[in-house]
Amino acid sequence: MLKVKTPKNHRALRELEKHAPKLVENAKKTLILQGTKTSGVLKGLLAEIHHLKKGNSIRYTRKNDNIRPFESGGETSLEFFSLKTDCSLIVFASHSKKRPNNLVLGRTYDHHIYDLVEVGVDNFKPMESFLGDLKVSPILGSKPLFAFIGEGFENVEELKHLKEVLLELFRGEVVENLNLSGVDRVYVCTAVNSNTVFFTQCAVRGLKKSGTAAPRVELTEIGPSMDLVVRRHRLPNESLKKVAMKTALDRSKKKEKNILRDAVHGKLGKIYIPDQQIGGMTLTSDVKGLKRERREAKKNFPASKKTKLDSP
């Protein structure tokens with residue numbers, strides 16, 4: 001692993017803090033590298049991914065030995081390169097007789113392997129195979145849309161995991177608001193069966209009138225397109241997942257005490273009343289104050305009655 005020295009000044013300390021894990025992460029970078037043997041299909045695919053993630057990816061073109069992500073100790077080199085380049089996402093390509101056109105997509109947390117998905121690439125078509133005038137280069141900082149078609153993304157565990165990794169790989173920076181006119185491309189993923197996904201990129205050719213509030217969108221396939229066959233996948237460890245999924249608390253909002261929100265009744269509140277000491281309460285009417293009022297009423301009653309009777 002990369003040796004990290006103790007910072008000797010504040011400048012070095014600030015630089016180390018930039019690379020440290022944060023509760024609110026910045027845009028994630030992708031490390032693209034290849035193994036000992038790589039086919040021409042995978043080299044073209046790696047170049048396409050590097051082009052689509054322009055500005056947020058680092059590509060190594062040299063061969064790398066002893067990288068076996070799914071074997072014990074085989075992920076050491078990946079973690080080393082992840083720490084060296086400060087990349088949170090990994091795309092690793094290899095080719096063998098047992099697993100031809102093999103592509104491994106992985107995520108890291110604190111520069112340690114978080115999860116992995118291994119897929120086989122079939123029927124790959126680069127962007128150059130489509131019409132040249134329809135080729136759209138991604139705009140720096142733009143965010144694509146994703147369309148997942150098929151029930152497998154909700155029912156099959158392998159496809160659900162692949163969906164999460166693909167979203168993490170191509171989503172870019174996290175934003176709160178999105179300008180609809182700036183959306184220029186869509187990634188379409190179709191679940192063909194329980195372990196195969198058809199992946200392609202389409203360009204948005206304007207928002208046209210449809211007679212309703214929602215505009216009509218025309219899509220044109222611009223590539224790359226391929227079939228991803230899921231071979232192996234490794235889910236994250238529960239303890240590591242709990243630490244990685246931790247989010248920052250919003251200190252600006254005041255915490256509402258004794259307030260509940262229900263989908264039917266809306267906002268509900270609880271009122272706490274102190275315990276009433278009913279056992280020590282006097283329930284009879286023989287109270288000194290009441291006796292005094294009765295005596296005064298008896299004294300005044302005959303006089304008032306007498307005056308009323310003597311009146312003409």
Side-chain angles (χ1 to χ4, degrees), residues 1-9 11-39 42-43 45-96 98-99 101-119 121 161-162 164-166 168-172 231-246:
M1 295 298 292
L2 186 64
K3 186 177 180 181
V4 180
K5 297 182 179 180
T6 305
K8 297 181 179 180
N9 49 42
R11 181 181 178 182
L13 179 62
R14 288 194 298 269
E15 191 66 25
L16 288 177
E17 289 178 351
K18 290 181 182 179
H19 297 279
K22 309 175 184 64
L23 291 176
V24 181
E25 292 286 351
N26 46 10
K28 296 182 179 180
K29 294 191 298 182
T30 304
L31 175 63
I32 302 173
L33 68 168
Q34 58 194 38
T36 307
K37 294 182 180 180
T38 311
S39 63
L42 290 178
K43 289 182 180 179
L45 177 58
L46 295 182
E48 299 276 317
I49 295 175
H50 183 59
H51 174 70
L52 293 175
K53 292 185 63 65
K54 192 174 183 179
N56 284 328
S57 65
I58 297 175
R59 185 186 178 189
Y60 285 172
T61 56
R62 292 185 179 181
K63 298 179 180 179
N64 298 279
D65 301 330
N66 302 323
I67 296 181
R68 299 175 180 84
F70 284 89
E71 296 181 8
S72 179
E75 71 276 2
T76 306
S77 298
L78 287 178
E79 295 177 352
F80 169 80
F81 290 128
S82 173
L83 180 61
K84 183 179 178 181
T85 57
D86 191 25
C87 291
S88 303
L89 304 172
I90 294 174
V91 177
F92 175 72
S94 62
H95 180 75
S96 63
K98 185 178 180 181
R99 292 185 175 88
N101 297 329
N102 198 53
L103 190 70
V104 178
L105 309 176
R107 295 183 288 180
T108 64
Y109 176 76
D110 196 11
H111 303 295
H112 294 286
I113 296 298
Y114 179 74
D115 60 350
L116 296 169
V117 177
E118 184 183 70
V119 295
V121 180
H161 192 193
L162 180 61
E164 294 179 5
V165 176
L166 289 176
E168 196 79 29
L169 182 63
F170 292 103
R171 71 172 181 173
R231 292 173 177 170
R232 291 183 294 179
H233 76 115
R234 190 176 78 184
L235 295 173
N237 189 9
E238 289 298 329
S239 59
L240 182 61
K241 183 178 179 180
K242 184 177 180 180
V243 177
M245 297 295 288
K246 188 177 180 181

Colleague: Rounded to the nearest 0.5 Å, how far does CD of Glu75 lie from CZ of Arg68?
Modeller: 12.0 Å

Colleague: A cation-pi test, strictly: NZ or CZ of Arg107 under 6.0 Å from the centre of the six-membered ring of Tyr114 and no more than 45 degrees from its axis. Yes or no?
Modeller: no

Colleague: How about Ile49 and Ile32: do any of their side-chain heavy atoms sit closer than 4.5 Å?
Modeller: yes

Colleague: For a quick test of reading the model, state the closest non-hydrogen atom pair linking Ser57 to His50 and the distance between them.
Modeller: OG-ND1, 2.7 Å

Colleague: What pair of heavy atoms forms the shortest contact from His161 to Leu235, and how long is it?
Modeller: ND1-CD2, 3.6 Å

Colleague: Check whether any side-chain heavy atom of Glu168 lies under 4.5 Å from a side-chain heavy atom of Leu89, and answer yes or no.
Modeller: yes

Colleague: I'd like to know if the side chain of Ser82 reaches the main chain of Leu78, judged simply by a donor and an acceptor atom lying under 3.5 Å from each other, with no hydrogens or angles considered.
Modeller: no

Colleague: With the side chain counted from C-beta on, respond yes when Glu79 and Lys84 share a heavy-atom pair under 4.5 Å apart, and no when they do not.
Modeller: no

Colleague: Checking Asn64 side chain against Gln34 main chain: does a donor-acceptor pair fall under 3.5 Å?
Modeller: yes

Colleague: Taking Lys53 for its side chain and Leu169 for its backbone only, find out whether a donor-acceptor pair lies under 3.5 Å.
Modeller: yes

Colleague: Does a side-chain N-to-carboxylate-O contact under 4.0 Å join Asp115 and Arg234?
Modeller: no

Colleague: Give me the atom names and distance for the closest heavy-atom approach of Leu116 to Gly106.
Modeller: CD2-CA, 3.7 Å

Colleague: So, taking the atom named CD in Glu164 and the one named CG in Leu162, what distance separates them when rounded to the nearest 0.5 Å?
Modeller: 10.0 Å

Colleague: Are Leu103 and Leu46 close enough that some pair of their side-chain heavy atoms sits under 4.5 Å apart?
Modeller: yes

Colleague: Would you call Leu105 and Ile90 a side-chain contact if the rule is heavy atoms closer than 4.5 Å?
Modeller: no

Colleague: Are the side chain of Lys29 and the backbone of Thr85 linked by a donor-acceptor contact shorter than 3.5 Å?
Modeller: yes

Colleague: Any side-chain donor-acceptor pair under 3.5 Å between Thr38 and His95?
Modeller: no

Colleague: Do side-chain atoms of Asn9 reach the backbone of Ala12 as a donor and acceptor pair under 3.5 angstrom?
Modeller: yes

Colleague: Find the distance between NE2 (His112) and CG (Leu83) and round it off to the nearest 0.5 Å.
Modeller: 8.5 Å

Colleague: Can you find a side-chain donor-acceptor pair between Asn102 and Glu118 that sits under 3.5 Å?
Modeller: yes

Colleague: Could you state the interatomic distance from OG1 (Thr36) to CD1 (Ile67), rounded to the nearest 0.5 Å?
Modeller: 8.0 Å

Colleague: A side-chain contact here means heavy atoms from C-beta on lying under 4.5 Å apart; do Phe92 and Pro69 qualify?
Modeller: yes

Colleague: Do Thr30 and Asn56 have side-chain heavy atoms sitting under 4.5 Å apart?
Modeller: no

Colleague: Can you tell me how far the CG atom of Leu31 sits from the CD1 atom of Ile58, to the nearest 0.5 Å?
Modeller: 7.0 Å

